[in-house]
Each structure stands twice: as C-alpha cells, then as structure tokens.
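Notes for the one structure printed next.
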Amino acid sequence: MLWLLEIALPCRRITTMLKRTHMCGTLRSEDQGREVVVCGWVNTYRDHSSGLVFIDLRDREGLVQVVFDADDSEASAMEVGRALRREDVVAISGTVRARAGGANPKLATGEIEVLARSVELLAKTEPPPILPDDHEADRISEENRLKHRYIDLRRPRMQSILRTRSQVTKLARDYFMDHGFLEIETPLLIKTTPEGARDFIVPARLHPGMWYALPQSPQLFKQILMVAGCDRYIQICKCLRDEDPRADRQAEFTQIDLEMSFVDRDDVIEMMSGFARRLWKELLDVEIGEIPTMTYAEAMERYGIDRPDTRYGLELQDISELCGRTDFRVFKDALAGEHGCVKAIRVPGAAERFSRKVTDGYTEFVRDFGAGGAPTTKLTANGFETGVAKFLEPIADELIAELGLEVGDAVVFASDTRTIATRALGELRQKIAQDLDLIPEGCWNFVWVIDFPMFERDEEKGRWVALHHPFTSPNPDQFDILESDPGGCLSAGYDLVLNGSEIGGGSIRIHDQSVQETVFKLLGLTQADAEMKFGFLLSALRHGAPPHGGIAFGLDRLVMHLVGTDNIRDVIAFPKTQSGGDLMTDAPGPVDEEQLVETHVRSTAEPPA
RNA sequence: GGGGCGGUAGCUCAAUUGGUUAGAGUACCGGCCUGUCACGCCGGUGGUUGCGGGUUCGAGUCCCGUCCGCCUCGCCA
C-alpha cells in the first residue's frame, strides 16, 4: 500500500526546474532587454528592506547581480529572494537591464543586472564552513580548503586554474596529433622495476603472494610501443612514486608523456620547444623564442645546480688557485683534501645587506647541504672588511679583478670538495636572490640542459647509478668510452628548465640490446637479474627496435608556471597532503578483513589504538 | 627518519608575567533599511583552547608525549 500513498501525496516540487539560458558571468550590456534564466550559487546578498534585495549570483563563468524589487518581481520570488543566503543554489528567471544605481567597474558584468521575475531554490545550504572568496583565500588555512574542496574549488581563482589546466591538455593533444602522434594508453598494474623511486604496490588476488606495482612512468611501455611500430606516442598519464611530497611535488602526479621513433636529440628538443612556444603564445600571448641549450657541466660550473635559474646573475666562480695562497685555515684544509675547491659569488652592492645576522643565517643554511659554513666579506673603499677580510689581504687585488668586484659589493665563499662546495653555493645563490629580491618579475627563462653524465658514483653501494635512468643512451660520440670510462661518458639526455624549475626531461634511448646489457652490467645487474627484470625489453630490442627517444613534461609544474603559483596543490583538483592523505575523503583508510584475506595480505603494522 | 613553524568560536585571528565569566571580525539566527555591490545599523546563538598526561592554589599560556597541517634535509632512476 505504500506505493499508493506516494502517488497520493502532492509532488514536493511543484515548479518545473527553470532551464538555464545563459551563464552568469557572460552577460553584457548587449543583452539588455533579454529574458534569461541563470543558475548558480549565491555569492553575496545585500538585503535592503522588504522591498529590495540584491544578490551576486556565481557560476563557473563569473558573477552577475540579480535584483529582487517588490515593484517588479513576483511576491513569491520576493519572499524567496529575501531568504537567500551565501552558497544557496538557485535558478532565476528575469530580464537583463542596465543598472539603475550605476555600473560596478569591478565586475565584467558590472554594467547590467538581472531583474528577477521568479526564482527557484534548488538547494538550501547549511552554513558554509568556508567561503569561496578569492579575497579571503589567502586567509583560509589550506587544511580547511582541502577538507571542503568542493567549496574551495568554487573560487574564481581555482576555477581559472582548472580551466588553464584543461587548456594545456587540449593544446597538448592538438599539437602532438598535428605532428603525427597517437594517444595510446599503457597499463596501471605493472611489474615492479628496480632502481628509481619507491613503488606503490597492489596485491594480486589471483596470484597469492605476488604484487603489481603502479607505474612511476610509462617508460618501458612507450619504448615497447616504438618497437611495435607506433612511431609516435603521446599520453597524458598519472605517474605514482611513493616518496615524500614537497611544495612542487606530489606522490601522484601527471605527465605529458611522449616518445618518437627515428629521431635524434635535436629532433625531440625542437618538437618540445615548439610545444612550449605554442603553450606560452596561446595561453599567455608570450613569445618565448628560441630556447638556448647549456651543458650540464656549464650549469654546474656557473650555477651550482643542474636546473639553472638564469633570470639573475650571482654566478659561481672558481677561485681555488687564488685562495690556496691565503692563510685561511678553512680554505687550506679544503684544498688539501681530494677534489678540494673554493668557490665564490659576487653579490653586487649587497654590502649593506650582509649584516652579521644575515651571514650567520647563510652559514646555517649551507649546513643542510654538507658545507661547514659560508664565509663572507665586503669590499669597501678601504679594501675588504668584516668576515674573512684579513685572510684575503695577500690576494686582495687579484680577487677583486677575478670576481670583478666594486666597492659596496659583498662576497660569499664556499670551500669543501668540489661537489659539496658547488651544491651549497648553488643553493645559497637562490636563497640570496630571493632574500635580496633580485629575481626580476615576468621573465620566462627557458633553457635546455644537455650532456648529462651517464652515471654517478654511489660510494655507499659501491657502484654506478644512472643519473637519468638505465635506458638512456650515451651520446653518439660517447659509445667508445661507455665501458672504459663510465664516469666520463655523457648521455643523450635533456631536461627543460624554466626559471630554475625542471619542467620536463627525457633522452634518446638505447635501442641496441648489447649496449643495454652493458649499461645494466655497469649498474651492477647480473645477466640473470637483467633477464628476469627486463627480459621483455631486451627481447624487444633483439627484434627490430628503431632508434627512438622521448620526453615527459610535468603537467602540474607547467600549470604552476602558467598560473603563477608555487604550490602544486593549487593546480590539482583533489591533491594530497604532505603525509599522503586526502583530507576530504580521509584516504588512506583501513580495509575489511575479508579484503585482506582475499588478497592474501597480512599487515605487520600495529593496529591503531 | 631529522630540523623548523603552526593548531583558541563554522572561518580568520586576539588574550600582557601563569590570575576575573577566553574576546573581536566574519559566517549563521532575529529586527530595521528601496540602489546596494566585501552594503549599512541594532540585537543574539556559538568554545572539550587538536588530543593525553604532568607542574601549580590556579594552565589557552610552562613541561612531557601524541595527532594533524605547512616548509625543509634525506628521498624523488
């Protein structure tokens, strides 16, 4: 009998839903006189009296003012209008007209308003925990923004970021398909690969005790696609690396991933430069022009880092030879050691800024990077003063000439092994630029970094490790020394760096099975290991592999640059926190015992108290 | 795993040396206002000071532990 009761009851919603005709943010003075239906969220309300109520109605496209006026609006609409509160969802039908009270220049729709004739309350909200106002966004804690992401994403700023991200992926598909690429998907459940980041793993229910890994990138599959004759592949794909997040890094992130057959390094670089040019042109109307290249060696020498920020000077200079002639114990000890080195940065006109507090801070800062300290000094009209000035006397004139110093300059030094001194000073260079506000606004300094070493020595493991990854080919002229001088062998890898941030990287791959086996051997993989872990790749390389290479652009970081944020969570709709949690869904969480049994997993973790 | 900063009303913050009933703005509720536009005015509801222990006559404040968030080193082929 229950069904009869339901039929007998009057339908709760007696009006049919008003059908939207326009988006709020798109109405303009040309629309005056038009009958429209707009739908959205109440951004603000201004209740003047029983006879006059304004609301700003928001949708994805922007705000429009709606006015309820007892003289012109239906009485029922007036009643609903007065009761509207922030974030209620409504549909409103009415007439577009010029504003009686004068235009609001702050709004794109500021010349007009919608005179409400009728209104349908589609959803009454509970009092909102946060408000989606851009002018308040900086004040709302990120924790609360992430917890109530569905409200935070309503903000115009966040909507704009989501739109930019969508435009980037559309442009990527357009550009690469114009250039003969096919979009091909690769699996998410794959076999774990040694080296690289920590894998996320998934128990294989049908294979007790066995595990899938989630891909750190589609690297091997895209190479296999080249062997499979697909010629050019692109995918906009999720990559997963179980490592600690940072401000510009999430465990789960997105790459614009691609691979090309029958190409060399410059082909890939030109293809990607063209993509970057088109992105910046179409999204920001900026001509970035030809992108310069710089070798890894030069980047390390001049900037102390493999992703040089070329927007400002403060370049590192090697003054080991000069400093060997001082009596400064710190310099002498460093130079006496193996690979000892002294480097310096001239900081023009910064003498005033280098207070004791500041320079102590620099010493503290470089300790994070293994250096003992960051000695400083200043050049005054009377010669070097403060800091290590007295030790510099014997070499004062030569140092001034070498560094090009002028009165009022400050100098900061680092002495240690070449590796540590370079790293510490390279990091300090960036800190000084930020602290002294030396980074010019509005620059887009792209640079391709090339000629990376194939390998780095890992003293702990007592073997070579791949700087890029184990499938990166040596440069064409470097095959001869691959085995005889692995440490000196340069790779065909390339990174695209923008304003000191790595936004993409790739390489020409090894397409010869014997070269690949040599690299595996250098990395400490036995023939048997290599066959077990990468047998499918070696097999593919034996069956007709074209020369190929590719690259992956970090979509999240690209969008960060395009929208001007240094927080990666701002460009991801549903990001995770620093501890890998999702504050909205409360992931990760426990699973039912049954799920564990089915997947043959037993946890070793202590159950939560 | 290490270092740093933070957690007080739904939200953003304040609270003197450890001392009265933990305040303000905003949101929300009620009232007033016919041209506002982050409207304005009047009134009101709203608190386990992240959580647990300790010191003390007395703890938001001091100590220990713990959880959460952010930055960072390690890590991220």
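Per chain, numbering begins at 1; letters A, B, ... match sequence-line order. None of the values given here were measured: they were computed from a predicted structure.
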Regarding A:D368, tell me which of base, sugar-phosphate or nothing describes its non-hydrogen contacts under 4.0 Å with the strands shown.
sugar-phosphate
Tell me, please, which residues at least two apart from A:Q32 pass side-chain hydrogen bond (donor to acceptor under 3.5 Å, both in side chains).
none
Is A:R557 salt-bridged to A:D248, cutoff N-O under 4.0 Å?
yes
Side-chain donor/acceptor of A:R249 to base of B:rC75, under 3.5 Å:
yes
Closest approach of A:D199 to A:L214 (non-hydrogen atoms, all atoms of both residues):
OD1-O, 4.0 Å
Under 4.0 Å between any heavy atoms, over every strand shown, what does A:R423 touch: base, sugar-phosphate, or nothing? Just pick one.
sugar-phosphate
Just call it for A:E143: base, sugar-phosphate, or nothing, with non-hydrogen atoms closer than 4.0 Å on any strand.
sugar-phosphate
Sticking with atom P, work out how far B:rU45 lies from B:rC39, rounded to a whole angstrom.
25 Å
Phosphate OP1/OP2 of B:rU34: any A:S49 side-chain N/O under 4.0 Å
yes
Closer than 4.0 Å, any side-chain N/O of A:R246 to the OP1 or OP2 of B:rC75?
no
On a whole-Å scale, what distance lies between the C1' atoms belonging to B:rC37 and B:rG19?
47 Å
side-chain contact (heavy atoms from CB on, under 4.5 Å) filter on A:K521, not counting sequence neighbours, yields A:E483
Does B:rC76 have OP1 or OP2 under 4.0 Å away from a side-chain N or O of A:Q216?
no
Does a side-chain N or O from A:S141 land closer than 4.0 Å to OP1 or OP2 of B:rG6, or not?
no
Report yes or no: is there a donor-acceptor pair, N or O only, under 3.5 Å between the side chain of A:R97 and the base of B:rG35?
yes
Just wondering, do A:E259 and A:L225 contact through their side chains at under 4.5 Å, heavy atoms?
no
Residues A:R86 and A:D133 bridged, charged N to O under 4.0 Å
yes
Just to be sure I understand the rule, does A:G102 reach a base, reach only the sugar-phosphate, or reach nothing, if contact means heavy atoms closer than 4.0 Å?
base
Tell me which pairs pass salt bridge (Lys or Arg N to Asp or Glu O under 4.0 Å) where either residue lies in residues 73-84 of chain A, with sequence neighbours left out.
A:D47-A:R82
What residues form a ring pair (Phe, Tyr, Trp, His ring centres under 6.0 Å) with A:H48, not counting sequence neighbours?
A:F54
Below 4.0 angstrom from OP1 or OP2 of B:rG69, is there any side-chain N or O of A:K147?
no
Produce the list of close N/O pairs, under 3.5 Å, pairing protein atoms with atoms of nucleotides 40-47 of chain B; give distances to one decimal.
none

Atom P, compared across B:rU36 and B:rC41: separation rounded to whole Å:
15 Å
Taking the minimum atom-to-atom distance to the side chain of A:Q578, which one of B:rC70, B:rU34, B:rA27 wins?
B:rC70
Would you mind classifying the nucleic acid contact of A:L467 as base, sugar-phosphate or nothing, using non-hydrogen atoms under 4.0 angstrom?
sugar-phosphate
Distance between P atoms of B:rG18 and B:rU61 (Å, rounded):
11 Å
For B:rC33, does either OP1 or OP2 sit under 4.0 Å from a side-chain N or O belonging to A:R82?
no
Could you label the plane-to-plane angle of the A:Y296 and A:F452 rings as parallel, tilted or perpendicular, counting under 30° as parallel and over 60° as perpendicular?
tilted
For the P atoms, the ones on B:rC13 and on B:rG74, what distance do you get once it is rounded to whole angstrom?
31 Å
How far does the C1' atom of B:rA38 sit from the matching atom of B:rA15, given to the nearest Å?
27 Å
Just to confirm, is there a sub-4.0 Å distance from OP1 or OP2 of B:rC39 to any side-chain nitrogen or oxygen of A:T44?
yes
Sugar-phosphate only, base, or nothing, as touched by A:E113 at under 4.0 Å among non-hydrogen atoms
base
Counting only N and O atoms by type, is there a donor-acceptor contact under 3.5 Å from the side chain of A:K222 to the main-chain atoms of A:L258?
yes
Verify the contact: side-chain N or O of A:T577 to OP1 or OP2 of B:rG69, cut-off strictly under 4.0 Å; return yes or no.
yes
Pick base, sugar-phosphate or nothing for A:D71, based on heavy-atom distances below 4.0 Å to the nucleic acid.
base
Does a nitrogen or oxygen in the side chain of A:N144 sit under 4.0 Å from OP1 or OP2 of B:rU12?
yes
Produce the list of close N/O pairs, under 3.5 Å, pairing protein atoms with atoms of nucleotides 29-31 of chain B; give distances to one decimal.
from   : atom 1 : to    : atom 2 : distance (Å)
B:rC29 : OP2    : A:R85 : NE     : 2.7

Measuring to OP1 and OP2 of B:rU36, would you say a side-chain N or O of A:R46 lies under 4.0 angstrom away?
no
Rounded to whole angstrom, note down the P distance from B:rC42 over to B:rG25.
10 Å
Is it true that A:E87 and A:R154 make a salt bridge, defined as a side-chain N closer than 4.0 Å to a carboxylate O?
yes
